[in-house]
Amino acid sequence: MNRKLKMGMVGGGQDAFIGAIHRLAANMDGLIEITCGALSINPVTAVASGKALFLAESRTYLNYEEMFKAEAALPANERMDFVTIVTPNFAHFAPAMMALDYGFNVVIEKPITFSLEEAKLLKQKVEETGLILCLTHTYSGYPMVKQAKAMVREGKLGNIRKVWVEYPQGWLSKLSEREGNAQAAWRTDPTKAGKSSVMGDIGTHAAHLAEYITGSKITDVCAELNTLVEGRVMDDDGAVMLKFDNGSKGVLMASQVAAGEENALRIRVYGEKGGIEWLQHDPNTLIVKWLDEPTQILRAGSNYAHLSSFATHNCRTPGGHPEGYLEAFANIYRNFALTLGCKLDGIEPTAQMLDFPSVEDGLRGMAFIDNVVTSSQSDKKWTPYIL
């Protein structure tokens, strides 16, 4: 590519949280520039947000339908190359489908859609159009998560036997949705969040991380969902036993009422020869525990002789300089941008470039939510994982 990729955005205006995170991540490597947006359903906020981002007035749109039609009518070297969708769950599907219909590649927040049925239709549309859809499962962007995946893939831990993954938060320990917290309000509203609050919001991250690192797929679940804050209409806590297609077993915990916790995502994977442990609170470190050897500590930005090409491809700073959430987010955007750039130039992207979550991950995430809810409501011990 001899130019930056042009990005449009649906949602993410001044009254939003995640939109700013996406823009920071997209901007980090200088490969992408935001050129247009339908940034809010509130016209005043949409216009003000466009001005704050120095967007041209003519490319600050009041709705995504207007944006896609107008952008598609522009010359190829002026229109946006892709759109990022950062609306709440219930407003993912329609703009994503329309964007693909108009020939635009898509980056989308997780979970990918409001329902499993929508996810299936979206996957079909991606396959029909041949366009690229990137899903921002942020935690797969960390270098040491990629190192863990490489070690499992290369058989260094032996056959995988056990997976523990947990994601405790404490921010919903009170009835915050009744106290003016807009983020809490839509995330605990079944008309906006979907079938499950805690599993849709953070449980899908944990499930994706388990499948991403192990390279195995969940085949069965045994779940319990709980609503622990009195007066809340959706679940805020849950636990799931897992079976994987390689014969390994797992346990997944997700809770948003673990008072005092922030985003304490942690995963442990054990094989015949050893195990790995990674915590988001110390993301540059991967702990490797061997059956017959001393425990090993691998660090991002150093130990390069011991790290995979997938880890080093996503390291940004020298050893001892922390890389965190924004950098992991940016790694997903960079890999997507490099892949899209290769496609536009007619060349093959590398395996490292292609290492970002796709529509298939989104479909499996929605299936996870569906199957966990079904299991929680069932008297049966195990529920087959149905796509």
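Positions are given from 1, in the same order as the sequence printed here. Given the structure is predicted, the values throughout are model-derived calculations rather than measurements.
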Side-chain donor-acceptor contact under 3.5 Å, Ser176 with Asn181: no
Any donor-acceptor N or O pair under 3.5 Å, side chains His313, Asn335: yes
Evaluate the side-chain proximity of [Y] to [X]: yes if any heavy-atom separation is below 4.5 Å, no if none is.
X: Trp278; Y: Leu209; answer: yes
X: Phe104; Y: Glu71; answer: yes
X: Thr188; Y: Leu172; answer: yes
X: Tyr61; Y: Arg59; answer: yes
X: Met80; Y: Phe68; answer: yes
X: Val83; Y: Val107; answer: no
X: Met199; Y: Val240; answer: yes
X: Val359; Y: Leu135; answer: no

Inter-residue atom distance [X].[atom1] - [Y].[atom2], 0.5 Å rounding:
X: Leu122; Y: Leu133; atom1: CG; atom2: CG; result: 5.5 Å
X: Asn246; Y: Ser216; atom1: CG; atom2: OG; result: 3.5 Å
X: Leu286; Y: His306; atom1: CG; atom2: NE2; result: 13.0 Å
X: Thr84; Y: Ile108; atom1: OG1; atom2: CD1; result: 9.5 Å
X: Leu53; Y: Thr35; atom1: CG; atom2: OG1; result: 11.5 Å
X: Glu327; Y: Ile332; atom1: CD; atom2: CD1; result: 12.5 Å

Parallel, tilted or perpendicular: rings of Tyr139 and Tyr142 (30°, 60°): parallel
Whether His22 and Phe329 hold their rings parallel, tilted or perpendicular, with breakpoints at 30° and 60°: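 His22 and Phe329: perpendicular rings.
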Would a hydrophobic clustering, with Ile, Leu, Val, Met, Phe, Trp and Tyr connected at side-chain separations under 4.5 Å, put [X] with [Y]?
X: Phe90; Y: Val198; result: no
X: Leu326; Y: Phe17; result: yes
X: Trp186; Y: Leu39; result: no

I'd like to know if the side chain of [X] and the backbone of [Y] have a donor-acceptor N/O pair within less than 3.5 Å.
X: Ser378; Y: Thr374; answer: no
X: Arg299; Y: Met144; answer: no
X: Asn105; Y: Phe82; answer: no
X: Thr45; Y: Ile41; answer: no
X: Tyr270; Y: Ile276; answer: no
X: Gln280; Y: Asn263; answer: yes
X: Gln296; Y: Lys289; answer: no
X: Ser248; Y: Phe244; answer: no
X: Asn314; Y: Pro143; answer: no
X: Tyr385; Y: Arg364; answer: yes

Test: Lys273 cationic atom under 6.0 Å from Trp290 six-membered ring centre, within 45° of axis: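 Here Lys273 fails the 6.0 Å and 45° test against Trp290.
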Within 45° cone and under 6.0 Å: Lys380 NZ/CZ vs Trp382 ring: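 Not flagged: Lys380 not positioned over aromatic ring of Trp382.
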Minimum heavy-atom separation for [X] to [Y], with atom names?
X: Val152; Y: Ile160; value: CG1-CG1, 3.8 Å
X: Ile369; Y: Ser196; value: CG2-CB, 4.0 Å
X: Ala311; Y: Gln147; value: CB-OE1, 3.7 Å
X: Glu323; Y: Asn284; value: O-OD1, 3.1 Å
X: Ser140; Y: Pro357; value: OG-CG, 3.5 Å
X: Gly215; Y: Lys149; value: CA-NZ, 4.5 Å

side-chain hydrogen bond (donor to acceptor under 3.5 Å, both in side chains) assessment of Gln256 paired with Gln169: CA-CA 4 Å; Gln256 294 176 306; Gln169 295 177 333; 3.0 Å; yes
Between the side chains of [Y] and [X], is the shortest nitrogen-to-carboxylate-oxygen separation below 4.0 Å, so that they form an ion pair?
X: Arg3; Y: Asp81; result: yes
X: Arg187; Y: Asp201; result: yes
X: Lys195; Y: Asp235; result: no
X: Asp361; Y: Lys110; result: no
X: Lys6; Y: Glu78; result: no

Chi angles and distances behind the side-chain hydrogen bond (donor to acceptor under 3.5 Å, both in side chains) call for Tyr212, Lys146: CA-CA 9 Å; Tyr212 178 76; Lys146 296 185 181 298; 3.0 Å; yes
Test log, rule side-chain contact (heavy atoms from CB on, under 4.5 Å), inputs Arg153 and Phe310: CA-CA 12 Å; Arg153 182 177 62 245; Phe310 287 85; 3.5 Å; yes
Verify the neighbour count for atom [atom1] of [X]: are there more than 12 heavy atoms of other residues, nucleotides or ligands below 6.0 Å?
X: Lys343; atom1: NZ; answer: yes
X: Glu262; atom1: CD; answer: no
X: Lys51; atom1: NZ; answer: no

Worked check of side-chain hydrogen bond (donor to acceptor under 3.5 Å, both in side chains) between Thr227 and Asp236: CA-CA 5 Å; Thr227 304; Asp236 50 25; 5.2 Å; no
side-chain contact (heavy atoms from CB on, under 4.5 Å) assessment of Ser255 paired with Met253: CA-CA 7 Å; Ser255 181; Met253 184 276 284; 3.9 Å; yes
side-chain contact (heavy atoms from CB on, under 4.5 Å) between Arg232 and Glu177, intermediate numbers included: CA-CA 8 Å; Arg232 181 161 289 148; Glu177 58 267 40; 2.8 Å; yes
Steps toward side-chain hydrogen bond (donor to acceptor under 3.5 Å, both in side chains) verdict (Ser376, Glu224): CA-CA 5 Å; Ser376 182; Glu224 179 185 50; over 6 Å; no
Residue among Arg334, Met7, Lys4 satisfying side-chain contact (heavy atoms from CB on, under 4.5 Å) with Ile32: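 Considering Arg334, Met7, Lys4, a side-chain contact (heavy atoms from CB on, under 4.5 Å) with Ile32 is found only for Met7.
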Within the 6.0 Å centroid threshold, strictly below: Phe114 and His92: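 Aromatic pair excluded; centres sit 6.0 Å or further apart.
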